[in-house]
There are 2 protein chains.
Amino acid sequence: MTNPSQHLKTAEIEKISHLEYFNIGVSVDCVIFCYDDKQLKVLLIRSDLEEFSGLNSLLGDLVRPDEDIDNASYRILKERTGMDDVYLEQVQAFGAIDRHPSGRVITIAYYSLIDIKNHRLQLDNNELNWYPVSQIRKMAFDHKLIIDSCLKRLQDQILDNPIVFNLLPHKFSLRELQELYEAILGVKLDRRNFRKKIAIKDWLEDVGEMEEDVPHRPGKLYSLKAEYRKKPNRHKIPAPKALTS
Amino acid sequence: MTNPSQHLKTAEIEKISHLEYFNIGVSVDCVIFCYDDKQLKVLLIRSDLEEFSGLNSLLGDLVRPDEDIDNASYRILKERTGMDDVYLEQVQAFGAIDRHPSGRVITIAYYSLIDIKNHRLQLDNNELNWYPVSQIRKMAFDHKLIIDSCLKRLQDQILDNPIVFNLLPHKFSLRELQELYEAILGVKLDRRNFRKKIAIKDWLEDVGEMEEDVPHRPGKLYSLKAEYRKKPNRHKIPAPKALTS
DNA sequence: CCTTAATGTGTAAAAAGTACATATCTTCGA
DNA sequence: TCGAAGATATGTACTTTTTACACATTAAGG
């Protein structure tokens, strides 16, 4: 009737850590969304595992023992995209026994929203590319499942929380915003009803400018009100804590 | 630009598993809800860690290397309550560096809904008890945070999904159901509007019986329609898979 | 048999969501 | 420079959902 995970004293951890319990790897996988060419896209990399040759996988890495899991996902994002002020949110853990062909690795899935226009990242590396979510089929590992879970979470959140603006430039037109919602939700929306709904939320302010270089009548530009634009916490990597091992 | 978690070949895993990366423990913690005495309660155990002396903690355990994380939470529930056909759902992982005083342990939180009336479990062990959610203050580890997250998830789900019935006996009155919703959501509901809303969902069927032994006019009894009563998947513990270690 | 305490039920008003059409502005090409 | 094309901007009637609210009925208990 006691709880082994509580029971562990320092000495005991040392004793068993290299035996049964601590033989599980923990990784973080990031579903990095962007909005480009009127499509919701995800950043994927060609898998370098033989078992998954020809398939893509998410960006991920093992969590370091002295690293918070949120920080691990920020680190991956920073390493891959160079960006560090991004929206990131944990979705859930995936822990099927055979999800990793090389051993037991439990992964924690995060999704991220970035503005591709502001941060043009170097994709010279042709192993790393953006793929439209709607066209993603087979993936390495359980990554298709992870993407689906993250997309669903995103869809559930955009109606109540002003988060999609992380996918857009600072200034945008209502048409762009509507097309983004349509891309995420996978439905067509009525323009007048959409504008009414957005107006009620009172998230936006008119920046007093108009679209430029569009081949039609330009629309007004808006931006998210500052009060909703709160930066995510700075995720400094803290000094390593003295560990027991 | 490569992904260490993918890179791992069997030999490499063996080489590093006892070094840096695999020195993280993975546990599962269960927020086991029941409904009793018109209150939502959680099953807690007195912590046996010195650091948390006098505090309660959730029921949890380390995940075994050959065990699916969902199965780990079922195992804990089975061990602690004797029940194995329960509603269980993962919420998220908690992975702050210093959340466990004895070392690095990442935990995955689940919540569970059980009907205390049907399965009277032996609480002779006075280290293990039910506590009203509304009265829980300080907890061992980050378990207060975990309980709050699980409660929020539960609150978000009960309006759309017929899951609260896992907390009730097979037959129940609409008053009992309403009181349960009130206990979970922490608000008072209007009786007529509540009944209308439940009627629209069409989840219930009249069992043709009345309450008994109540000190007032008895109400009709209802039960959840069979089509919504789908048992959770049987979670057999699978044969251990050959592992690399 | 009278009191108490709960069950059971409907309607009107307000709010939110949906369907839908016309005038205006800018570009572009004839 | 004029007209056509294509997008912006906007309001209203209709439907659905949500909310607020009161009274007759039933069984238990003294």
Under 3.5 Å, which donor-acceptor pairs link side chains of residues 132-140 of chain A to any protein atom two or more places apart or in another chain?
unit_1	atom_1	unit_2	atom_2	d
A:Arg137	NH1	A:Ser134	O	3.3

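In this structure, B:Lys188 atom NZ and D:dA20 atom C1' are separated by 16 Å, rounded to whole Å. Rounded to a whole Å, the CG atom of A:Leu189 is 13 Å from the P atom of C:dG17. Atom-to-atom, CG of A:Leu221 to C1' of D:dT8 comes out at 13 Å; the value is rounded to the nearest Å. As rounded to whole Å, 17 Å separates atom C1' of D:dG6 from atom CG of A:Asp213. Atom CZ of A:Phe172 and atom P of D:dT8 are 15 Å apart (whole Å).
Note on residues 185-200 of chain A: pairs passing salt bridge (Lys or Arg N to Asp or Glu O under 4.0 Å), not counting sequence neighbours, are A:Glu182-A:Lys188. Within the structure, the salt bridge (Lys or Arg N to Asp or Glu O under 4.0 Å) test picks out the following pairs touching residues 198-214 of chain B (sequence neighbours left out): B:Lys171-B:Glu209, B:Arg175-B:Glu211, B:Asp202-B:Lys225, B:Glu205-B:Arg229, B:Asp206-B:Lys220.
Shown here are the side-chain contact (heavy atoms from CB on, under 4.5 Å) partners of B:Asn161, two or more places apart in sequence or in another chain: B:Gln157, B:Ile163. Under the ring pair (Phe, Tyr, Trp, His ring centres under 6.0 Å) criterion, A:Phe172 pairs with A:Phe165, not counting sequence neighbours.
The existence of a salt bridge linking A:Lys152 and A:Asp156 is confirmed by a sub-4.0 Å separation between a basic side-chain nitrogen and an acidic carboxylate oxygen.
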One character per nucleotide, please: for nucleotides 5-16 of chain C, 5' to 3', B when the base has a protein heavy atom closer than 4.0 Å, S when only the sugar-phosphate does, - otherwise. -SBBBBB-----
